[in-house]
2 protein chains.
Amino acid sequence: MPDTLPRLLPVQSDAPVQAAHDRVYRGLRQQIMHGELAPGHPLTLRGIGKSFGVSMTPAREAVRRLSAEGALSMSGSGRVTTPELSNDRIEELAQIRALLEPELGSRALRRAHLALIDRMDAINEANARAVNRQEPVNYIRTNLEFHRTLYLRAQSPAILGLLETVWLQLGPTMRVLYTRLRRTTPPPHHRHILEALRAGDDAALRLAIRTDVTQGLKHLQV
Amino acid sequence: MPDTLPRLLPVQSDAPVQAAHDRVYRGLRQQIMHGELAPGHPLTLRGIGKSFGVSMTPAREAVRRLSAEGALSMSGSGRVTTPELSNDRIEELAQIRALLEPELGSRALRRAHLALIDRMDAINEANARAVNRQEPVNYIRTNLEFHRTLYLRAQSPAILGLLETVWLQLGPTMRVLYTRLRRTTPPPHHRHILEALRAGDDAALRLAIRTDVTQGLKHLQV
DNA sequence: CATGGCGCAGTGTGATCACAATTGGCACGC
DNA sequence: GCGTGCCAATTGTGATCACACTGCGCCATG
């Protein structure tokens with residue numbers, strides 16, 4: 001039932017229009033990483049296909065790719081859900097963040113200039129607004145963006161890539177974390193991170209990042 | 001052309017026979033991680049399908065999954081090859097190993113008992129034999145098995161999973177490394193690792209692992 | 001009213017097909 | 001001899017279909 005888009009013309013000239021499976025992948029990935037889906041949320045290939053206007057084939061490929069990254073879990077019979085992480089798993093993922101992120105921050109420190117810090121400041125303010133307005137998805141999104149903006153300067157794509165898969169796995173859990181302790185104040189350690197950056201203090205930056213990362217996830221113990 | 005296997009009966013009683021895409025995934029993954037494929041080696045979906053006796057569909061899913069893990073790279077037009085890593089990339093992956101593996105070793109140390117160390121000793125001897133016989137694949141396989149045997153004791157599946165994707169990305173490159181410097185002696189630091197384990201010396205173990213990991217990949221600079 | 005069995009709707013899997021894009025080689029012309 | 005354009009074979013993509021399995025609800029029975 002190809003109702004939504006005729007899709008008759010080759011590609012309609014200019015736009016390379018990324019492949020369908022890639023559109024689906026990106027869409028789902030963002031929903032998961034930003035905590036739009038609760039842990040254990042069930043998904044079906046036909047449902048995904050319908051919501052993206054494609055058939056099962058691209059949906060299956062996107063799901064396969066995401067489950068390879070740990071963003072989705074598949075039951076023995078192939079049923080797809082967002083992962084429900086055990087406490088041990090959460091703690092382990094937090095420890096990975098605590099291992100990788102200070103390293104990335106340290107590498108970025110040498111390359112950080114004022115414009116970068118200002119940009120992070122702006123993101124941090126957007127984060128504070130999301131807290132005030134009680135918007136979980138915007139909170140998670142700006143929080144990750146704050147960290148990613150810094151880490152991009154580390155020029156270490158492999159490490160950052162690994163870290164993003166960790167964030168991805170934590171996405172649904174982060175949503176629970178947020179809704180459980182309705183926080184009213186923005187993450188306090190972001191200020192310390194910015195101060196350490198301005199001061200060019202490597203040790204302080206590593207500590208601030210490590211604390212920021214560990215802090216949030218500590219409250220998640222069931 | 002379903003020639004090889006009739007596949008008429010439901011499942012032939014007992015064997016759950018893992019799904020076709022999973023068989024293909026495992027097969028390819030092992031070939032890549034053990035260095036059976038050189039960097040830049042081209043693969044085709046139809047070719048993979050034929051060599052595993054399946055159609056393109058499971059082959060595509062396996063390829064998608066592997067490329068999500070960085071074990072295969074896909075050109076813009078979808079052509080699939082094993083990755084040809086840049087020097088920067090290799091160095092970065094080595095640094096990730098140097099970050100994760102000492103941590104895993106340290107965690108395993110508390111749980112390591114004599115039987116484990118004996119098993120690692122045996123694997124190390126198999127590794128030495130592979131060196132003498134100039135068998136690259138067996139060398140890589142036993143080398144990884146040596147490390148994995150230790151890290152499994154760390155009881156940290158998330159970290160180990162991340163590390164395995166790093167090993168996977170390095171697979172084809174390891175093959176080049178081996179054939180370039182036809183080594184005639186086994187990795188010297190494995191002995192140090194075993195000694196530190198027997199002594200229960202955490203600092204020495206971390207150093208030995210870090211050195212072992214860094215050592216090998218250092219010689220790969222083009 | 002509880003419980004066990006049956007059947008149907010829903011779901012993932014894998015094969016196949018049509019199609020567009022890329023690729024590689026070959027011949028032609030400069 | 002070398003570059004250039006074209007053609008055919010190859011390749012990935014996505015839709016569709018048949019099929020087997022799972023899970024759940026419904027109904028009959030104790």
Side-chain angles (χ1 to χ4, degrees), chain A residues 1-28 40-68 71-83, chain B residues 1-28 40-68 71-83:
Chain A
M1 193 211 291
D3 47 0
T4 50
L5 287 180
R7 203 73 165 73
L8 293 179
L9 300 182
V11 116
Q12 188 58 19
S13 70
D14 62 323
V17 284
Q18 51 199 350
H21 65 87
D22 212 57
R23 257 187 329 115
V24 177
Y25 168 76
R26 271 191 248 273
L28 282 179
H41 184 89
L43 296 170
T44 66
L45 296 184
R46 288 172 177 87
I48 294 169
K50 184 171 295 185
S51 82
F52 284 88
V54 299
S55 80
M56 294 173 57
T57 311
R60 226 194 314 183
E61 294 180 41
V63 163
R64 207 61 83 187
R65 193 169 162 191
L66 286 164
S67 73
L72 291 174
S73 40
M74 307 189 57
S75 85
S77 62
R79 298 305 223 270
V80 183
T81 62
T82 50
Chain B
M1 193 210 293
D3 48 0
T4 51
L5 286 180
R7 203 75 165 73
L8 293 177
L9 300 181
V11 116
Q12 187 59 17
S13 71
D14 61 323
V17 282
Q18 49 199 350
H21 64 86
D22 213 57
R23 255 186 333 114
V24 177
Y25 168 76
R26 271 192 249 273
L28 282 178
H41 184 89
L43 295 171
T44 65
L45 297 183
R46 288 172 176 87
I48 294 169
K50 185 171 294 187
S51 83
F52 283 88
V54 299
S55 81
M56 294 173 56
T57 311
R60 226 193 315 184
E61 294 179 43
V63 163
R64 208 58 87 189
R65 194 169 160 190
L66 286 164
S67 74
L72 291 175
S73 39
M74 306 190 57
S75 83
S77 63
R79 294 311 217 266
V80 182
T81 61
T82 49

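When reading the values below, keep in mind they use all heavy atoms of this one structure, side chains included, and skip hydrogens, waters and symmetry mates. Quick caveat: nothing in here was measured; it's all calculated off a predicted structure. Chain letters run A, B, ... following the sequence lines, proteins first and then strands; every chain starts at 1.
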Calculate the interatomic distance between [X] atom [atom1] and [N] atom [atom2]; express it in whole Å.
X	N	atom1	atom2	value
A:R79	C:dG10	CZ	P	12 Å
A:Y25	D:dT13	OH	P	15 Å
A:E61	C:dG14	CD	C1'	13 Å
A:R64	C:dG14	CZ	C1'	11 Å
B:Q18	C:dT13	CD	P	14 Å
B:K50	D:dT10	NZ	P	10 Å
A:L45	C:dT13	CG	P	7 Å
A:F52	D:dA15	CZ	P	14 Å

Practice item. Tell me what B:T44 touches on the nucleic acid: a base, only sugar-phosphate, or nothing, going by heavy atoms under 4.0 Å. Key: sugar-phosphate

Exercise for review: For B:I48, answer base if it contacts any base atom (sugar-phosphate contacts may also be present), sugar-phosphate if it contacts only those atoms, and nothing otherwise; contact means non-hydrogen atoms under 4.0 Å.
Suggested key: nothing

Practice item. Rounded to the nearest 0.5 Å, what's the gap from NZ on B:K50 to CE on B:M56? Could you check? Key: 12.0 Å

Exercise for review: Starting from the 5' end of DNA chain D, give me the residue, A:S77 or A:H21, whose nearest nucleotide shows up first.
Suggested key: A:H21

Check your understanding: Counting N and O atoms only, with roles assigned by atom type, does the side chain of A:T81 sit under 3.5 Å from a partner on the main chain of A:H41, one being a donor and the other an acceptor?
Key -> no

Review point. Mapping B:S75 and A:T57 onto DNA chain C by nearest heavy atom, which one lands closer to the 5' end?
Key: A:T57

Point to revise | No-H, no-angle donor-acceptor pair, B:R60 side chain to D:dG14 base, under 3.5 Å | key: yes

Point to revise | Closest nucleotide among D:dG14, D:dT16, C:dT23 to the A:M56 side chain | key: D:dT16

Practice item. Between D:dG14, D:dT13, C:dT22, spot the one nearest the side chain of A:P58, thanks. Key: D:dG14

Check your understanding: With respect to the phosphate group of C:dA15, does any side-chain polar atom (N or O) of B:S55 fall under 4.0 Å of OP1 or OP2?
Key -> yes

Exercise for review: Give a yes/no answer on whether the side chain of B:R46 brings an N or O atom under 4.0 Å of OP1 or OP2 in C:dC17.
Suggested key: no

Shortest non-hydrogen contact from [X] toward [Y]:
X	Y	answer
A:P83	A:S73	CA-OG, 3.5 Å
A:G49	A:A59	N-CB, 4.0 Å
A:A68	B:R65	CB-CG, 3.5 Å

